[in-house]
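Side-chain atoms are counted along with the backbone in the values below, which use heavy atoms only and exclude waters and symmetry mates.
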Amino acid sequence: MSKLWGGRFTKQTNKLVEEYTASILFDKALAEEDIQGSLAHVKMLGKCGILPEADVEKIRDGLLKVLQRIRRGEAEFSVADEDIHMNIEKQLIDEIGPVGGKLHTGRSRNDQVATDMHLYLRRHVVEFVGLLTSLQEALIEQAKNNLDTIVPGYTHLQRAQPILFAHHLLAYVSMFQRDIERLQDSYKRINMLPLGAGALAGTTFPIDRHFVASELGFDRVYDNSLDAVSDRDFIVEFLAGASLIMTHLSRFCEELVLWSSTEFAFVELDDAFCTGSSIMPQKKNPDVAELVRGKTGRVYGNLVGLLTVLKALPLAYNKDMQEDKEGMFDTVRTLQGALQLFAPMVASMKVNRDRMRQAVNNDFSNATDIADYLVGKGLPFRQAHEVIGKTVLYCIGEGKYLLDLKLEEFLQFSELFDAKIYEVLQPEHVVNARNVFGGTAAPQVQAAIGRAEEANASAIAWVQEYEAKTALKV
Ligand code: ARG
């Protein structure tokens, strides 16, 4: 079978070379984008008088037929035709004859493939912002239901200071809000048109790149033709954004795994999001949380993989760049899976308030507050720290917590203590005393929920607007 580029060759391609260099097995995922790009390109060729309207119409109809066949799952892709671009062109020519060969006028696969990647990624970036907003909704809802649930806050995984459980959940809301903003920002650099750069230098045909950009809904046209075909920064940015989302998810996963253990028993994950053991009948394992935590590795791998492919590549296109795809597709799939599961898993999670409260009652996480109390009585903080340290040590020896001590016992350590400390030591008091912007006091957390809801509403509106902009038009 002859190659679309076969003219200069006197020998058949080695079979192994054909298989080794082909990308069709994975880049067929770009079929819709490829046809979308070709439709805009051929329309422009007609508008600029580069092709007669009759040819444009034939090519357009042919492309739509090829698209229908692909959508029905009837298209056959062949490794001999290397990639999705040449497979589609070949099918177009089979469909409408030699006039199909005019589609590639004024274009190269180098600017074509870059355009496809931009079209593909912008659609998924919008999808991911949407998935993140659903996760935010689930987190905000749980936070609202846990505005009076007090839980130990940790540093070094040691009990540190009590906090509202809502406050802990809102920390994740803040992280995912940054992820949303990062994706939205990356969109600016994704939504740019490379087409018209040709192989590297532009084209001799009087094309109109801005027309193609507006047809495809791109906000900008690449300034420099070499950069247009060499740039994969936008994919790196996406992979980096995805890596941070996975970082955040994996931290949350780790906490869910801990919290759902019998030792903590702070939460119970819904049966629908857990699995059992083939041998131990009593087991209910947090597999989803573990697997999301585990899959973080491959997402980081895809980022480092692409950075390494791009490092030290000379301008402009090099075949190495074909390696940009599998990692990107894999990251898109992995992130979709994680985010689709996470929102309902969080929404259906049961919070064991009593158990959390019990934990708070049986710890020293109120120790900072009596130190602060002594400071209020005029003792320098460093001395107050020492006094409370000794008091805690005494408690440990006696098998008691601070609230169990009698006033006489407190007075052994400092005569500044009085009965007010019993109020100061109450977990509610400890929590509500941290009434600074961004702190855990109930009014602050309430206000944070308001801000989170506002930010999420604007992200949801963004998704609606950009879904319409990036939807495939055929
Ligand atoms: N399949 C190729 C890729 O993914 C398309 C571009 C090929 N260009 C070329 N000059 N061989 O990168």
Looking only at the side chains, is there a donor atom on one of [X] and [Y] sitting less than 3.5 Å from an acceptor on the other?
| X | Y | value |
| --- | --- | --- |
| E127 | Q336 | yes |
| E32 | Q36 | no |
| Q112 | D34 | yes |
| R107 | H104 | yes |

Notebook entry, point to check: If you draw the axis of the six-membered ring of F218, does the NZ or CZ of R122 fall within 45° of it and under 6.0 Å from the ring centre?
Noted result: yes
Checklist line | SB check K3 E18 (cutoff 4.0 Å) | finding: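 Salt bridge present between K3 and E18.
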Item checked: Pairing of D219 and K188 as salt bridge, 4.0 angstrom limit ->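 K188 and D219: not salt-bridged.
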Notebook entry, point to check: Do the two ring centres, one from F329 and one from F26, sit under 6.0 Å apart?
Noted result: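 No, ring centres 6.0 Å or more apart.
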Next item on the list: Could you pull out the closest heavy-atom pair between E33 and L472, with the gap in Å?
Entry: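 Minimum heavy-atom separation between E33 and L472: OE2-CD2, 4.4 Å.
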Next item on the list: For G241 and R182, work out which heavy atoms get closest and say how close.
Entry: CA-CD, 4.5 Å
Notebook entry, point to check: Does any N or O in the side chain of N285 come within less than 3.5 Å of the main-chain N or O of D287, such that one atom is a donor and the other an acceptor?
Noted result: no
Notebook entry, point to check: Which of these passes side-chain contact (heavy atoms from CB on, under 4.5 Å) with I245: L183, I180, V299, L131?
Noted result: L183
Notebook entry, point to check: Y172 pairs by ring pair (Phe, Tyr, Trp, His ring centres under 6.0 Å) with which of F252, F165, F342?
Noted result: F252
